[in-house]
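Okay, structure first, notes after.
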Amino acid sequence: MPSIPFQALACPLDGQPLALVENNTWCCAAGHSFDIARQGYVNLLPVQHKRSQDPGDSKAMVAARQRFLQAGHYQPLAEAISRYVATWAARQPSGAEGFSCLDAGCGEGYYLRRLARSVPHELALIGLDISKSAVMAAAKQDDKQAPVSRWVVGSNAHLPVQPAALDGVLCMFGFPVYDEFARVLKSGGVLLQVEAGAQHLRELREVIYPQLKPERSPALEVPEGFAYIDEETLSYPIRLEGQQAIADLLAMTPHLYRASAEGRARAAELDQLAMTVDVRLVQWARR
């Protein structure tokens, strides 16, 4: 089912609603304006909200993630996320104008594109990432006549979204900012948080680190403003063939910077690697 455009953006400078003018510029009542780039995204990350000149994943990291995800290694996870969203959307009251959902840290848009193709309900999607390179890559893959999502450069710490505008939020391997998620979710809206489990990519970590720390299961703390619904663990094996595939995986994880030069060199020598994908999916409801 085709997506409908997400409209409830907010000015990152004063928080006022943004309106789309002539299909190429977002403006607020105070006169702040933000042009839609030719690739189809809008940059709503003001300089004062940046911690560096070019925050987030680099163009090379985005390209590595895109190659890895397109190879299908995380397809079971994408299918699980789509099932959750389909369940949420099916509960919408009749007459609701689509199920509005934010991917907070969307990268190059892999999960939202699969949502748009597989969920049999009308969706209003917004993909947001602090990396301009990632959002640009996501927007470039859209059909400009029928875009999958509203693609936005922005920060989870200051979501450029109007209060109580969203039915769902996805935060996958990202940086959750619960007070912001609570602000933009409607009462009863749902947050799906995807986190690495204890065994996630353990075989790669055994290669790049001299010793692994003992695994601990962190206590599940209920974020303020939310209620716990449920959780599940998704675990399955994958096998990477070729040095490029292994390098791509390493480049899209924090381990690229945490590993020593020696550890990265050991990974670069591998021609194949069997690994475990182990993730925890937790559902929270906005109270």
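Distance check: Leu102 CG to Leu185 CG gives 8.5 Å after rounding to the nearest 0.5 Å. Rounding to the nearest 0.5 angstrom, the gap separating the CG atom in Leu250 from the CZ atom in Arg205 is 12.5 Å. The structure places CG of Leu191 at 11.0 Å from CG of Leu166, a figure rounded to the nearest 0.5 Å. In this structure, CG in Asp167 is found 12.5 Å from CZ in Arg91, a value given to the nearest 0.5 Å. Within the model, atoms CG of Leu18 and CH2 of Trp26 stand 7.0 Å from one another, a figure rounded to the nearest 0.5 Å. Summarising the geometry, atom SG belonging to Cys106 is positioned 5.0 Å from atom CG belonging to Asp129; distances are rounded to the nearest 0.5 Å.
Between the side chain of Gln92 and the backbone N or O of Trp88, no donor-acceptor pair lies under 3.5 Å. In this structure, Asp35 contributes its side chain and Ala37 its backbone to no donor-acceptor pair below 3.5 Å. No donor-acceptor pair under 3.5 Å is formed between the side chain of Thr276 and the backbone N or O of Asp278. Of the possible donor and acceptor atoms, one in the side chain of Arg286 sits under 3.5 Å from a partner among the backbone N and O of Ala182. Although no hydrogens or angles enter the test, the distance criterion places no donor-acceptor pair under 3.5 Å between the side chain of Asp271 and the main chain of Gly242. Not a single donor-acceptor pair under 3.5 Å links the side chain of Ser3 to the backbone N or O of Ser149. A distance-only check finds no donor-acceptor pair linking the side chain of Asp103 to the backbone of Gly127 [under 3.5 Å]. The closest donor-acceptor contact from the side chain of Arg183 to the backbone of Val161 lies under 3.5 Å.
Under the ring pair (Phe, Tyr, Trp, His ring centres under 6.0 Å) criterion, Tyr74 pairs with Phe68, sequence neighbours left out. With sequence neighbours left out, the salt bridge (Lys or Arg N to Asp or Glu O under 4.0 Å) criterion links Arg202 to Glu206, Glu215.
Met172 and Leu234 fall within the same hydrophobic cluster, defined by Ile, Leu, Val, Met, Phe, Trp and Tyr side-chain heavy atoms under 4.5 Å apart, directly or through other members. Residues Leu13 and Val21 fall into different hydrophobic clusters, defined by Ile, Leu, Val, Met, Phe, Trp and Tyr side chains chained together at heavy-atom separations under 4.5 Å. Hydrophobic cluster membership differs between Val62 and Tyr257, with clusters built from Ile, Leu, Val, Met, Phe, Trp and Tyr side chains linked at under 4.5 angstrom. Cluster annotation: Leu256 and Phe175 are assigned to distinct hydrophobic clusters (Ile/Leu/Val/Met/Phe/Trp/Tyr, side-chain heavy-atom contacts under 4.5 Å, transitive).
Between Ala116 and Val148, the shortest heavy-atom contact is CB-CG1, 3.7 Å. Smallest separation of non-hydrogen atoms from Pro5 and Arg150: CB-NH2, 3.2 Å. Minimum heavy-atom separation, Ala124 to Phe6: O-CD1, 4.1 Å. Taking each heavy atom of Gln283 and Val190 in turn, the nearest pair found is OE1-CG1, 3.9 Å. The shortest non-hydrogen separation linking Ile130 to Ser155 is CD1-CB, 4.3 Å. For the residue pair Ala80 and Leu281, the shortest heavy atom distance occurs at CB-CD2, 4.4 Å.
When only modelled atom types and interatomic distance are considered, Ser33 and Thr25 share no side-chain donor-acceptor pair under 3.5 Å. Between Gln75 and Tyr110, the side chains place no donor N or O within less than 3.5 Å of an acceptor N or O (distance only, hydrogens not considered). Between the side chains of Glu221 and Tyr228, no donor-acceptor pair is found at a separation under 3.5 Å.
Here the side chains of Met136 and Tyr41 are in contact, with some heavy-atom distance below 4.5 Å. Inter-residue side-chain proximity for Arg287 and Phe226 is flagged as unmet; no heavy-atom pair is nearer than 4.5 Å.
Taking a cutoff of 4.0 Å between a charged side-chain nitrogen and a carboxylate oxygen, Asp57 and Arg65 qualify as a salt bridge. Here Glu108 pairs with Arg113 in a salt bridge; the nearest charged N to carboxylate O distance falls below 4.0 Å. With respect to the salt-bridge test (charged N to carboxylate O, under 4.0 angstrom), the residues Arg264 and Glu262 do not qualify. Salt-bridge annotation for Arg266 and Glu269: absent, with no side-chain N of the basic residue lying under 4.0 Å from a carboxylate O of the acidic one.
Heavy-atom contacts from other residues, nucleotides or ligands closer than 6.0 Å to CZ of Arg239 number more than 12. By the neighbour-count criterion of 12 heavy atoms within 6.0 Å, atom NZ of Lys59 is sparsely surrounded, having that number or fewer from other residues, nucleotides or ligands.
Results of the side chain to side chain contact (heavy atoms under 4.5 Å, CB included) test with Val85 over Leu192, Leu112, Leu115, Leu125 single out Leu115 as the only residue that passes.
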Could you go step by step and tell me if His73 and Tyr236 meet the ring pair (Phe, Tyr, Trp, His ring centres under 6.0 Å) rule? CA-CA 10 Å; His73 301 300; Tyr236 61 91; 9.5 Å; no
Pair Leu204, Leu273 - check side chain to side chain contact (heavy atoms under 4.5 Å, CB included), show working. CA-CA 8 Å; Leu204 174 64; Leu273 183 62; 4.1 Å; yes
Passes side chain to side chain contact (heavy atoms under 4.5 Å, CB included), Leu159 versus Phe181? Steps please. CA-CA 8 Å; Leu159 292 172; Phe181 294 165; 3.9 Å; yes
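Within the structure, side-chain hydrogen bond (donor to acceptor under 3.5 Å, both in side chains) pairs that include any residue of residues 131-140 do not occur (at least two apart or interchain).
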